[in-house]
Number of protein chains: 2
Amino acid sequence: MSGLNAIDRLTALLARLPGIGKKSAARMAYHILEKDRTFAASLAGELSNLHTAIRRCSVCGNFTEEDPCPICADTGRDASIICVVERPQDVRVIEESREFRGLFHVLGGLIAPLEGVYPGDLSIGKLLSRIRAGGVAEVILALNPTMEGDSTSLYLQKPLKELGVGVSRLATGIPAGGDLEYSDRLTLSRSLRGRVSL
Amino acid sequence: MSGLNAIDRLTALLARLPGIGKKSAARMAYHILEKDRTFAASLAGELSNLHTAIRRCSVCGNFTEEDPCPICADTGRDASIICVVERPQDVRVIEESREFRGLFHVLGGLIAPLEGVYPGDLSIGKLLSRIRAGGVAEVILALNPTMEGDSTSLYLQKPLKELGVGVSRLATGIPAGGDLEYSDRLTLSRSLRGRVSL
């Protein structure tokens, strides 16, 4: 087929989305084309509107339509616990677990010197200011159990403890419904070290 | 989180795409949000333009920007062979194999009485007219080897043969790079029946 037509151009853009290969992108483009145009129009509308509607919460750094975000503004939540996460989508995941009723702080990344991400690039100063403003008793470091996540947690521990707050991190171990046989060695050794008395 | 915000609305729309679950849709939405707004704008632009730019080729039924489509208009192709496919995306897949230099005909579906798709709903009359117009020597039925694909091939055989054209269908068998051990019984029995003398 000669030249790039509208389907190819849409496919190429969709293929730049995370987890979407060329085949899935083409499948999506044809699906949109086969549906009536109102679906394409709604999708186009939401995409055009997205960056205008959504900003960062000036308190926690989460994506939000109002500033401060609904979580920071909710007086029913426990302001004495701050859960520190890497990205806004982590806030969503933790919210969906319905296990946490405190506030959040989005770092905006993890320390990764090899990729050029240094502590100064993250929202660490703002986190420490929030704690200095008082009322915070505990900080939960809910960063991914990867090398970058662990380094970042390690880096944050000292300044946080100096401010007199309790610091914890998420438990690492066998996932619920998981199988010992298929666990990697690191997960298994961490779940052993973190074993819980019954 | 209370109420649907712009991220949730975009996520819900993306989750309606084929093969995209709620998690992937959210991942895509956050990715778009984190990229600069020109990406979202290009995607929105292509989506708005899609149904205007693309129509059906009046000859073969494929999606196209010009009518007739570049394939039907290409005088360098072999007009004596027509490859019959279910959907426009099948044209793309076969074109990418670079194995076929004839023309196409898009049926627009497969006969499936249980889902309310009858022969009259497909572009069968148009296919027969193209053949009656002369110059066609062979028709390749390139329909999926499913129950619906097989019934449709069976249904088409008689009228096609009556018009004096050769009729063939794609070979069914073990996929290239496949493993006998993991082949299902039907594929294996078909690949035995369709064995090729060496």
Side-chain angles (χ1 to χ4, degrees), chain A residues 1-14 16-20 23-54 62-66 69-71 74 87-93 95-96 108, chain B residues 1-14 16-20 23-54 62-66 69-71 73-74 87-89 91-93 95-96 108:
Chain A
M1 282 189 269
S2 56
L4 274 178
N5 66 25
I7 309 179
D8 299 322
R9 290 196 305 273
L10 178 60
T11 302
L13 285 172
L14 291 171
R16 286 164 58 186
L17 292 171
I20 305 299
K23 287 227 172 190
S24 323
R27 201 169 151 220
M28 285 159 66
Y30 278 103
H31 179 87
I32 294 167
L33 195 50
E34 278 162 356
K35 278 202 156 192
D36 66 298
R37 54 199 310 155
T38 57
F39 177 70
S42 327
L43 202 49
E46 288 300 343
L47 284 163
S48 310
N49 169 55
L50 189 67
H51 285 81
T52 315
I54 301 289
N62 191 14
F63 286 135
T64 178
E65 289 194 342
E66 308 111 51
C69 73
I71 297 176
D74 184 347
R87 301 168 309 167
Q89 41 272 60
D90 301 328
V91 172
R92 172 183 297 246
V93 174
E95 278 297 277
E96 280 171 359
Chain B
M1 281 191 268
S2 55
L4 275 178
N5 67 25
I7 310 178
D8 299 322
R9 288 195 307 271
L10 177 60
T11 302
L13 285 173
L14 291 171
R16 284 164 57 187
L17 292 171
I20 305 298
K23 287 225 171 189
S24 324
R27 203 169 149 220
M28 286 158 67
Y30 277 103
H31 179 87
I32 294 168
L33 196 50
E34 277 162 358
K35 279 205 158 189
D36 67 298
R37 55 197 309 156
T38 58
F39 176 70
S42 327
L43 201 50
E46 289 300 342
L47 284 163
S48 310
N49 170 55
L50 190 66
H51 285 80
T52 315
I54 301 289
N62 191 14
F63 287 136
T64 179
E65 288 193 343
E66 307 112 51
C69 73
I71 296 176
D74 185 347
R87 300 168 310 165
Q89 42 272 58
V91 172
R92 170 181 299 246
V93 175
E95 277 298 276
E96 281 170 359

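This structure is a prediction, so every number in the text was calculated from the model and none was measured. In what follows, every chain begins at residue 1, and chains take the letters A, B, ... in the order their sequences are listed.
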Greatest number of heavy atom pairs closer than 4.5 Å to chain B - which of A:Arg87, A:Glu34, A:Lys35, A:Arg9: A:Arg9
Can you say whether A:Gln89 sits under 4.5 Å from chain B via the side chain, the backbone, both, or neither, judging by heavy atoms? both
Can you label the angle between the A:His31 ring and the A:Phe39 ring as parallel, tilted or perpendicular, going by 30° and 60°? perpendicular
Would you mind checking which part of A:Glu96 comes under 4.5 Å of any heavy atom in chain B, side chain (CB onward), backbone (N, CA, C, O), both or neither? side chain
Contacts of A:Arg27 that satisfy salt bridge (charged side-chain N to carboxylate O under 4.0 Å, His left out) - sequence neighbours left out: none
Return the option, out of B:Ile32, B:Leu14, B:Leu33, with the maximum number of heavy-atom pairs under 4.5 Å with chain A. B:Leu33
Please identify, among A:Ile20, A:Leu47, A:Val93, the residue contributing the most non-hydrogen atom pairs under 4.5 Å to chain B. A:Leu47
Go through A:Thr64, A:Asn49, A:Leu13 and name the one with the most non-hydrogen pairs under 4.5 angstrom from chain B. A:Leu13
For the residue pair A:Leu10 and B:Leu43, establish whether any side-chain heavy-atom pair is separated by less than 4.5 Å. yes
Between A:Asp36 and chain B, with a heavy-atom cut-off of 4.5 Å, which part of the residue counts as in contact: side chain, backbone, both or neither? backbone
Under 4.5 Å from a heavy atom of chain B, the part of A:Lys23 involved: neither
Contact summary for A:Ile7 and A:Asn5, nearest pair of heavy atoms: N-OD1, 2.9 Å
Could you pull out all residues at least two apart from B:Arg37 that satisfy side-chain hydrogen bond (donor to acceptor under 3.5 Å, both in side chains)? A:Thr52
I need the residue from B:Ser48, B:Ala6, B:Ser24, B:Ala26 with the largest number of non-hydrogen atom pairs under 4.5 Å to chain A. B:Ala6
The reported gap from OH in A:Tyr30 to CZ in B:Arg92 (rounded to nearest 0.5 angstrom) is 3.5 Å
For B:Ala53, is it the side chain, the backbone, both, or neither that has a heavy atom closer than 4.5 Å to a heavy atom of chain A? side chain
